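Okay, structure first, notes after.
Note that this is a predicted model, so its numbers are computed, not measured.
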Amino acid sequence: MDRAGHWEGDSGSDLFFTSDARSSVLREESSAPVQLDETHVCGARRRLACLEEITIALLTATGEDAVAKVILELGAAALGASAALVAMIEGEEFVILDVRGMPEATLAQWRRHPLDASTPIAMAVRTRAPVFIETEAEWSAAFPDAVRATIGPRGPRIALPLIVGDRVLGGMGFSFPSSVRFTEDDRALAVTLGRQCALALDRARLFDAERKARAELSLFARRLDRLQHTTAALAAATTPLEVARAVVGDARAALAADRAILAIPTPDGQRLVVLEHEGVAPWGLQSPSFPLDADIPPAVTFRTGERLWLASKAAIEARFTPAIWGGTATPGSLLCHPLVARGRTIGVLLFGWSAEGAPDADGASIAEEIVHRSAVALDRAMLHAAYENENRTLTAFIGACPVAAMILDPDGTVRAWNPAAERMFGWSAAEAVGRSLPFVSPDKRPESAALLARVAAGEVLAGVQVERRHKLGHILDMSIYSAPVVHGDGTVQCLSICMDIRERKQAEAELRRAYEIARDADRRKDEFLALLGHELRNPLSPILTALYLMRLKGRTTGIEREREVIERQVQHLVSLVDDLLDVSRIMRGKIQLSTRPMEIARVFSQAIEIASPLFEQKRHELRVDVPAEGLLVDVDETRMAQVLANLLTNAARYTDAGGHIAVAARREGGEVVLSVRDDGSGIPAEMLPVIFDLFVQGARGVDRAGGGLGLGLGLVRSLVKLHGGTVSARSDGLGKGSEFEVRLPALSPRRASSPDLPEPVSPRLGKVRRVLVVDDNRDAAQMLAEVLTSHGHEVELAHDGPQALVVAASFRPEVGILDIGLPVMDGYELALELRAAYGDRITLVAVTGYGQEHDKRRAFEAGFARHYVKPVAADALLREVFP
């Protein structure tokens, strides 16, 4: 170090920084030892004087910055340092409070650095002890080369922790020329200086905290004073408009704003309506409301629910077009707050200032408080308005309600009682209001209390049937509808509507009686139909069997025409019986389809075979245009053949002899379309809408005497509908023929092809069986016995159950063909007896006129292996029972 106090070769880039500052207290003298002692004494006195000066300066310093200035100016001079700094701890970092002798480049690098940095001041803070470094060797031992390389060569340093009690506030450091050696006095002075600076900094912090507290207290007092008038006005406001006037007027004055508005949403939630505004009219206010989706500050704030604060004109114009201000100047700053109550936005409060940067911190705090109080007051006013409106609406509703209506407290006290209640219960409103459940008998009060508790809990009661008491004492049957009425203050009442249901209960009782009568009639109808089917089929069975025997024995020579007539008419009667019973089953939902994929040509073939005798009789020309393959449908073969046969028979019946009938099938989109067309008598226009109704027939002349019962087309519609299809009829009028069209869902050819059915097997003589035939119709029993005998079987007859059991005991039959409707003992009971006696050694077959589903089910439950409905074809019976 030269005499001027400069550090030779010091770059000034270390942490404690060197400079051209001169030391005024530590000068080296190159004189004799006696002179050195004198200089040392002078230096000690000077240091004491500096310490006294520093102490006085620190006592008068009132802030951290002032304390730091004393340390840097006077402390460095007292120690003879060429550079100095003061750093305070913030979290896990040092932050330089003030510095002397530090180049800007280095200052930028070290202004903030971690507490664990490899520097003398960091070491002093970590160890809570002063750090003195005089030589290069001490530098090398204390700090790694990597860190030293980044901060350059080092000279002597002093680093001191700033400690008050057990708290470390920060640190300070001093940099010296390289030739300095620290004496014990130097070290003591440095330590003393560190303690005094720590106390001064701590005192300065306390002073700053106190000053801040006083400022905050003053701010709080000013806010209370400014808010006092607004709070009083809000407390007195009972409507949203009064709240808006109190808020807008007082808040604008308190915040020194140029404009202010308060807006709330319309009931439909589509617009915002301005309740009150002051100052420069926002957006010209051509309309007191604006759409909620408008791009203006209140609408944006309401939609987002977030505060909008734009502190400059440039920021406002960057966010909103100047056109929204309705020709007025764009504000310099703008604050728009949502008014939030109970978790929902109920309005918007906006302030605007001509000056930029508004509001300041004080104004922002005031605005926050005003917004909070305004939201509470506005919500209360809205609830009050809704409550008043609700009461008016409820009162008007109760008064106009044509049935008894009342408002009850949860304990049952009547609060409202309409004229209809007066008429129904006999108590006037003056007598009922204020009383607890006057219309409830004492024994029914617990029940009523329970119902009221349910309503008070939020439940809505609908159609609860109760008994209520008239003023004169008689009991009324009531149906009550009760709902909770929740008021704005949280209280709950019960709105109850009572209806006299005496007449309804009487009507219900009569309806139940009518239902029982109808159900009994329906049951008797079913029994009648079953009996009708049985009685009609019983005589048909021996007739068909006799015709079969005549054909089998060749006894029809010369009477072929007569036999054909008999057979055709018998088949017609069978068809009529089947149609009648089928209609009954369909109307009761007792028909179940057994569908499978098949070509529609197969079904047409069966239908044409059924209708062929009628075609031949009337010499009709039949044209068929039905592809053999490619029209796959999912149908019940028997039922769909019945549909087509009915349409063909209908066409033949209403087409004159020698006429033409055409059948066709095609595919249209996802449907298979079937049509039956004729050139017969046609259908009148007035008949087309009802042609498929039951018992509807076209006009018939004398030659139509063989017509049906008007059931065929009704069956067609019902069966087609069960298949998921539709049927329609067309005609150009009388004498112009008709066309019937059936549409069925088509199947893809990929689904499946129609399975091949086994070829019918002709009756042949198989194994001889012992057969017991039991039928109370002697002709039917005799004819069936003759058929079986002609095929080689042994047959015994019986005409009731007891006789059958006697015959069976000696005959020991292998097959029993039993009628169900037997005298004394029905076929079900007889089957059970035979099954109990002979087990599986006898095969039981039911041949009966009872053909409904439950009849078949009972037969199988009784032990029958097969069930045939009379009349049964003899060849079918022989093929299936005697293979």
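Counting heavy atoms from C-beta on, the side chains of V348 and H337 never come closer than 4.5 Å. Using a 4.5 Å heavy-atom cutoff, the side chains of E356 and K313 are in contact. Looking only at side-chain heavy atoms (C-beta outward), V414 and I407 stay at 4.5 Å or farther from each other. By the 4.5 Å heavy-atom criterion applied to side chains, W309 and C336 are not counted as neighbours.
Judged by distance alone, the side chain of R252 and the main-chain N or O of V247 form no donor-acceptor pair under 3.5 Å. Formation of a donor-acceptor pair under 3.5 Å by the E422 side chain with backbone atoms of A429 is found in this model. E431 places a side-chain N or O within donor-acceptor distance of the main-chain N or O of S428, the cut-off being under 3.5 Å. Judged purely by atom type and a 3.5 angstrom limit, R454 has no side-chain atom pairing as donor or acceptor with the backbone of L461. Of the possible polar contacts, none joining the E317 side chain to the T330 backbone as a donor-acceptor pair under 3.5 Å is found. Here the side chain of D268 pairs a donor or acceptor atom with the backbone of Q270 at under 3.5 angstrom. No donor-acceptor pair under 3.5 Å is formed between the side chain of T413 and the backbone N or O of D409. Side chain of N418 to backbone of A405: a donor-acceptor contact under 3.5 angstrom is found. Between the side chain of W353 and the backbone N or O of L255, at least one donor-acceptor pair lies under 3.5 Å. Panel note: side chain R445, backbone L437; a donor-acceptor pair is recorded below 3.5 Å.
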(message) Using side chain to side chain contact (heavy atoms under 4.5 Å, CB included), reason through L234 and V243 one step at a time and then give a plain yes or no.
(response) CA-CA 6 Å; L234 290 176; V243 170; 3.8 Å; yes
(request) Determine, stepwise, if the pair D379 / R344 fulfils salt bridge (Lys or Arg N to Asp or Glu O under 4.0 Å). (result) CA-CA 10 Å; D379 184 51; R344 62 189 183 92; 3.8 Å; yes
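Of the inter-residue distances, the one linking S441 atom OG with I475 atom CD1 reads 4.0 Å to the nearest 0.5 angstrom. Rounding to the nearest 0.5 Å places CG of L719 at 6.0 Å from CZ of R639. I346 CD1 to L378 CG: the interatomic distance, rounded to the nearest 0.5 Å, is 4.0 Å. Here CG of L339 is found 5.5 Å from CG of L262. Values are rounded to the nearest 0.5 Å.
The two residues C401 and A420 have their closest heavy-atom pair at O-CB, 3.9 Å. Closest approach of W427 to P438, counting heavy atoms only: CH2-O, 3.1 Å. Here the closest heavy-atom approach between residue C498 and residue I480 is recorded as SG-CG2, 3.8 Å. Of all non-hydrogen atoms in C494 and S482, the two that sit nearest each other are SG-CB, 3.8 Å. Between P338 and T345, the closest heavy-atom pair is CB-CG2, 4.1 Å. The shortest non-hydrogen separation linking S333 to A355 is OG-O, 2.9 Å.
Using a 4.0 Å cut-off between charged nitrogen and carboxylate oxygen, D295 and R319 count as a salt-bridge pair. One finds no salt bridge joining E516 and R512 here, because no Lys/Arg side-chain nitrogen approaches an Asp/Glu carboxylate oxygen to under 4.0 Å. Using a cut-off of 4.0 Å between Lys/Arg side-chain N and Asp/Glu carboxylate O, E741 and R743 are scored as salt-bridged.
Residues F439 and W417 place their aromatic rings such that the two centres sit under 6.0 Å apart.
A donor atom on one side chain and an acceptor atom on the other are found under 3.5 Å apart for R373 and T231. A donor and an acceptor atom, one from each side chain of T595 and D636, are nowhere located under 3.5 Å apart. No hydrogens or angles considered: nothing links the side chains of S365 and E368 as a donor-acceptor pair under 3.5 Å.
Between H474 and H470, the ring planes are parallel. Angles under 30° get that label, and only those over 60° would be called perpendicular.
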